[in-house]
Amino acid sequence: MLSNDAQILRGSAVPAVPVGIVAAVLSTVFAGPKGLVGALVAIAVVAVFFGLGFWALMRLTQNKPQLVMTAGLLVYAVQMLLIGVFIVVFKNTTLFNGRAFALTLLATALAWVGGQIFSTLRSKTLYVDPEPSVPVKAESRDGA
């Protein structure tokens with residue numbers, strides 16, 4: 001993992017953790033134990049889906065940095081699709097409070113994406129190769 005990637009991952013998780021904790025506490029207060037379970041499931045979904053998405057983006061762009069935008073959009077679309085499928089599958093569950101789950105998922109996901117955007121904008125990622133990829137031939141002094 002490159003240092004910029006680690007910085008962006010930390011910048012994504014740092015705002016998402018307190019938002020998830022506050023959402024879990026509020027879910028417990030307003031919806032009881034099922035609200036807590038719903039909030040914890042939502043926090044786990046965000047951590048797994050966005051963490052795996054970040055890992056996939058790193059792997060896809062490891063040797064081809066020109067694919068960052070395309071791969072980023074693809075990974076984000078797949079994440080949203082999977083989260084939507086997860087919501088539809090557990091829509092009528094009695095295992096946890098659906099409203100607490102949905103609100104925690106929304107708040108934590110927005111905090112993660114916001115932190116990721118902020119960290120990406122603040123990272124000093126080089127977009128120009130500082131060294132030429134083709135070695136420059138040394139010219140002789142006598143002009144021959």
Side-chain angles (χ1 to χ4, degrees), residues 1-140:
M1 178 181 293
L2 299 174
S3 63
N4 285 343
D5 295 337
Q7 177 188 359
I8 293 170
L9 186 59
R10 271 192 309 273
S12 303
V14 164
V17 169
V19 167
I21 291 170
V22 168
V25 169
L26 290 174
S27 296
T28 304
V29 168
F30 290 113
K34 288 197 176 206
L36 175 64
V37 173
L40 293 176
V41 170
I43 293 168
V45 166
V46 168
V48 169
F49 285 2
F50 283 90
L52 287 176
F54 188 78
W55 175 81
L57 184 61
M58 282 185 353
R59 295 287 296 165
L60 287 170
T61 62
Q62 184 173 344
N63 296 327
K64 296 180 182 170
Q66 65 271 21
L67 293 178
V68 170
M69 180 62 83
T70 306
L73 290 172
L74 174 69
V75 166
Y76 187 72
V78 169
Q79 286 172 336
M80 293 302 109
L81 178 70
L82 290 176
I83 286 175
V85 167
F86 195 88
I87 289 171
V88 168
V89 167
F90 287 99
K91 182 169 66 171
N92 295 324
T93 187
T94 58
L95 298 173
F96 51 80
N97 184 295
R99 183 170 296 224
F101 168 75
L103 293 175
T104 303
L105 182 73
L106 178 65
T108 310
L110 287 175
W112 182 285
V113 171
Q116 189 172 16
I117 290 169
F118 183 76
S119 296
T120 301
L121 291 175
R122 301 220 5 129
S123 71
K124 297 183 187 318
T125 305
L126 296 175
Y127 56 90
V128 175
D129 193 6
E131 295 180 24
S133 57
V134 178
V136 179
K137 294 182 181 179
E139 295 181 26
S140 61

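These values consider heavy atoms only, across backbone and side chains, with no hydrogens, waters or symmetry-generated copies. Bear in mind the structure is a predicted one, so any value in this text is a computation, not a measurement.
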How long is the gap from [atom1] on [X] to [atom2] on [Y], to the nearest 0.5 Å?
{"X": "Leu57", "Y": "Leu9", "atom1": "CG", "atom2": "CG", "value": "11.5 Å"}
{"X": "Gln116", "Y": "Phe50", "atom1": "CD", "atom2": "CZ", "value": "8.0 Å"}
{"X": "Thr120", "Y": "Ile8", "atom1": "OG1", "atom2": "CD1", "value": "4.0 Å"}
{"X": "Leu105", "Y": "Leu110", "atom1": "CG", "atom2": "CG", "value": "9.0 Å"}
{"X": "Leu67", "Y": "Leu73", "atom1": "CG", "atom2": "CG", "value": "12.0 Å"}
{"X": "Thr93", "Y": "Lys34", "atom1": "OG1", "atom2": "NZ", "value": "7.5 Å"}

In sequence, state the C-alpha distance, the side-chain angles, and the governing distance for Ile87 and Phe101, and then conclude on side chain to side chain contact (heavy atoms under 4.5 Å, CB included). CA-CA 9 Å; Ile87 289 171; Phe101 168 75; 3.9 Å; yes
Identify the heavy atoms of [X] and [Y] that sit nearest to each other, and give their distance.
{"X": "Ala16", "Y": "Ala111", "answer": "CA-CB, 3.9 Å"}
{"X": "Gly53", "Y": "Val75", "answer": "O-CG1, 3.3 Å"}
{"X": "Thr108", "Y": "Ile43", "answer": "OG1-CG1, 4.4 Å"}
{"X": "Ala23", "Y": "Ala39", "answer": "O-CB, 4.3 Å"}
{"X": "Ser119", "Y": "Ser12", "answer": "OG-N, 4.2 Å"}

Anything under 30° is parallel, anything over 60° is perpendicular, the rest tilted; go ahead and classify Phe96 against Phe90. tilted
Using a cut-off of 6.0 Å, state whether more than 12 heavy atoms not belonging to Phe86 lie near its atom CZ. yes
